[in-house]
Number of protein chains: 2
Amino acid sequence: MSESVEHPRKANIHDVARRAESSPATVSRVLSGSSYPVSEAMRRRIVEAAAELNYTANAIGRMLKTNDTHEIGVIVPTIANPFYAQIVVGIEKEAKERGYGMLLCNTLRDATDEDRYVETLFGKQVMGIALSSVAVDHARLRALQRKGLKVVFIDQEPSDANSGKVGLDFIRGGMLAAAHLLSNGHRSCAYFTAPLDKRSRVEVLEGFRLEHALRGRSLDPRHVLVDEREEESEESVYEFECGRRLARRFLALTGRPTAVLAANDMIAIGAMQEFAARGVSVPDDVSVVGYDNIMLASLVRPGLTTVDPRSNEIGRLACRALVDMMEGETPEIRHVKVEPVLVERGSVKRPRA
Amino acid sequence: MSESVEHPRKANIHDVARRAESSPATVSRVLSGSSYPVSEAMRRRIVEAAAELNYTANAIGRMLKTNDTHEIGVIVPTIANPFYAQIVVGIEKEAKERGYGMLLCNTLRDATDEDRYVETLFGKQVMGIALSSVAVDHARLRALQRKGLKVVFIDQEPSDANSGKVGLDFIRGGMLAAAHLLSNGHRSCAYFTAPLDKRSRVEVLEGFRLEHALRGRSLDPRHVLVDEREEESEESVYEFECGRRLARRFLALTGRPTAVLAANDMIAIGAMQEFAARGVSVPDDVSVVGYDNIMLASLVRPGLTTVDPRSNEIGRLACRALVDMMEGETPEIRHVKVEPVLVERGSVKRPRA
DNA sequence: GTGAAAGCGCTAACAG
DNA sequence: CTGTTAGCGCTTTCAC
């Protein structure tokens with residue numbers, strides 16, 4: 001039953017040379033786009049012979065010789081999460097433009113796999129790795145960096161002069177939201193968040209506060225509503241429920257604010273849903289701003305005004321930094337923060353007088 | 001300015017051999033996990049030397065020698081679409097278990113890029129490609145298959161005895177939905193869909209009809225509601241709006257059915273939203289079933305009962321078929337259809353008597 | 001302008 | 001059990 005059909009051996013550079021009555025060296029020069037001078041006649045013969053033989057250069061041979069794979073490794077928790085999917089697409093776009101291929105690894109948050117992936121990628125001779133994952137063994141990574149591996153961290157603290165880093169500017173995002181709300185005439189704002197154990201959640205709050213301060217205002221501590229419940233079930237389901245719970249607490253507040261910033265869109269949408277269920281109109285009775293700009297934000301009614309972290313751009317920049325490092329460019333742009341941007345939809349309005 | 005720090009040359013197999021006072025062959029045997037007998041003492045010395053030198057085998061060298069990269073190529077439109085993201089994650093899980101790496105390519109629906117990707121992957125000596133993209137040059141693909149490339153198509157018509165294929169069983173999905181509705185006592189059902197220019201939309205309808213027939217029922221043609229509007233704007237936004245329009249038409253029907261199957265979740269959710277806005281209760285006044293099981297389906301109120309195509313499983317099977325083909329396994333399982341599954345939530349209920 | 005030859009790092013005969 | 005050797009497909013001196 002083992003009917004392994006014999007395939008015609010793939011043509012190699014010698015085959016092409018023979019057919020074009022030339023030599024491997026010259027074929028290589030022509031087909032790899034070298035600038036080395038080759039006569040027009042010879043060039044034509046070679047191109048023709050290659051076409052006839054259906055020749056495709058073996059990249060492995062080239063890689064071994066040149067010691068340059070033109071590939072980068074990318075490690076993320078999982079592209080099932082749209083945020084990472086966007087980043088990866090951004091990375092790939094940039095990589096494609098620069099002529100690099102991408103080796104993608106989803107760790108699914110398994111620390112063991114993560115380390116294994118780093119090792120495998122290094123073995124495959126990628127010269128650079130972009131990663132957004134916390135559990136990697138940094139000691140090992142350092143060791144590999146000493147052997148020439150370039151590393152760019154995405155949305156992560158630990159970095160150093162030898163690594164690149166692309167950060168998300170949550171503080172700026174919080175400021176953006178505050179600026180939008182305050183300049184729309186809101187004099188009292190609330191912040192909705194799940195427990196403050198993630199950097200993003202606290203930094204958004206920081207920015208929110210900061211912008212208030214910059215405008216001579218302050219955020220009433222009683223208006224910072226932190227959900228107590230632990231994260232059970234799936235993340236987004238949890239966040240949605242969290243938004244509903246916080247909305248109920250919000251409605252019970254005396255001297256209730258006229259606007260809310262939520263730490264992320266799912267919380268905002270949960271809150272909006274609860275408001276609607278209780279006859280509180282968004283944006284007439286209360287304005288809501290989210291964070292993340294997930295697809296859903298454009299679908300709910302009213303559309304959710306939210307802060308977009310520009311994940312695509314994050315990927316692009318990460319890749320750019322990485323490739324620059326690999327190609328020995330100046331490391332000036334090694335540490336970037338991507339500026340988030342406010343997307344206005346219908347969930348914010350000036351408060352009633 | 002060109003401060004290219006000199007990195008210590010990576011150790012190679014000769015370095016390890018020298019340090020362990022052995023030979024490259026033996027080092028290879030030990031470090032590549034060959035079953036070739038090597039004395040314990042020697043083995044230990046080699047492992048130790050490798051560790052001291054921080055040795056990582058160069059996979060490129062091995063690939064060139066063995067003519068086996070242990071890598072597969074994956075081509076999809078874009079992982080920004082969660083459906084494809086799920087598939088890719090499924091592929092990768094399976095690939096990881098089987099010891100294969102993955103080269104991911106997002107075509108972003110650019111036909112030119114698609115062909116280029118196929119070529120590049122082939123040049124990189126992947127022995128197999130899984131692809132879910134329509135625009136590939138099939139003539140070229142056939143040519144590469146003749147050179148031994150294995151191909152698995154995902155959710156696509158054109159296939160043949162030489163290629164693998166993993167299909168989605170939309171017909172079965174439609175049947176599942178009908179069975180659920182009918183056995184819950186619904187005697188009159190409707191189908192909501194965007195224009196019938198996609199295979200999925202017509203096959204789901206087919207299945208829906210078929211199951212009716214199998215139970216001696218029939219689907220009233222006037223209850224097949226097809227949106228006329230062309231797809232403008234973003235896909236999911238369009239579908240959402242489409243659901244709302246169809247819901248309005250549905251409510252105007254005389255002898256209105258008690259249940260609805262939507263061609264996909266976004267349409268179903270749009271319809272639910274419209275129903276709610278018009279005081280029609282789901283599931284009390286009308287039951288709704290969706291298709292796709294997107295994350296959102298579990299978040300809306302009531303939860304949307306829907307057909308899950310099991311994209312993750314699709315990816316797994318695609319990869320399994322591919323690797324089997326690459327490893328010369330029997331091709332029995334070459335053409336698979338993945339059985340969808342009904343996920344029950346709160347949007348379906350027996351109709352009022 | 002062209003070709004011969006060496007060699008990238010590894011594994012697999014083969015010989016001992 | 002261990003080592004020597006050849007060579008995977010390519011690029012790149014170097015010599016002509």
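A note on names: the letters A, B, ... follow the listed sequences, proteins ahead of strands, and every chain is numbered from 1.
One atom, CD1 of B:Ile46, and another, C1' of C:dC10, lie 15 Å apart when rounded to the nearest Å. Rounded to whole Å, the distance from CG on A:Leu31 to P on C:dT2 is 15 Å. When the C1' atom of C:dC8 is taken as reference, atom CG of A:Leu64 falls 4 Å away, rounded to whole Å. Following rounding to the nearest Å, B:Ile60 (CD1) and D:dG7 (C1') show an atom-to-atom distance of 17 Å. We find that CG of A:Asn58 is positioned 18 Å from P of D:dG7, with the value rounded to whole Å. Put simply, NE2 on B:His14 is 10 Å from C1' on C:dC8, counting in whole angstrom units. Regarding A:Asp68, its CG atom lies at a distance of 16 Å from the P atom of D:dC10, rounded to whole Å. With rounding to whole Å, B:Glu21 atom CD is found 14 Å from D:dT2 atom C1'.
Between A:Ala80 and B:Ala85, the shortest heavy-atom distance links the atoms CA-CB, 4.3 Å. The shortest heavy-atom contact between A:Gln86 and A:Ser311 is CB-CB, 3.5 Å. Shortest non-hydrogen contact noted between A:Ile154 and A:Ile314 is CG2-CG2, 3.7 Å. What you find for A:Leu317 and A:Val336 is that their closest heavy atoms are CD1-CG1, 4.0 Å.
Partners of A:Glu48 under the salt bridge (charged side-chain N to carboxylate O under 4.0 Å, His left out) rule, at least two apart in sequence or in another chain, do not exist in this structure. With sequence neighbours excluded, the residues forming a side chain to side chain contact (heavy atoms under 4.5 Å, CB included) with B:Thr112 are B:Asp110, B:Arg116, listed by chain and number. A:Asp155 is linked by a side chain to side chain contact (heavy atoms under 4.5 Å, CB included) to A:Leu168, A:Phe170, A:Arg199, counting only residues two or more places apart in sequence or in another chain.
If you check every strand for non-hydrogen atoms under 4.0 Å, B:Asn67 touches nothing. Nucleic acid contact for B:Ser22: sugar-phosphate only, since backbone atoms but no base atoms lie under 4.0 Å from a heavy atom of the residue.
Counting only residues at least two apart or on different chains, the side chain to side chain donor-acceptor pair (under 3.5 Å) pairs with a member in residues 60-77 of chain B are A:Lys124-B:Glu71, B:Asp68-B:His70.
Between the two ends of the helix from C:dG1-D:dC16 to C:dG16-D:dC1, each summarised by a five-pair axis, the helix axis turns through 40° (rounded to 10 degrees).
Applying the 4.0 Å criterion to OP1 and OP2 of D:dG9, one finds that A:Asn12 has a side-chain N or O inside that range.
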message = Between A:Arg140 and A:Asp115, is the salt bridge (Lys or Arg N to Asp or Glu O under 4.0 Å) condition met? List the steps.
response = CA-CA 9 Å; A:Arg140 183 76 188 119; A:Asp115 289 341; over 6 Å; no
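Residues B:Met42 and B:Gly61 each lie close to DNA chain D; by heavy-atom proximity, the contact nearer the 5' end of the strand is made by B:Met42.
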inquiry  = One character per nucleotide, please: for nucleotides 11-16 of chain D, 5' to 3', B when the base has a protein heavy atom closer than 4.0 Å, S when only the sugar-phosphate does, - otherwise.
reply    = BBBB--
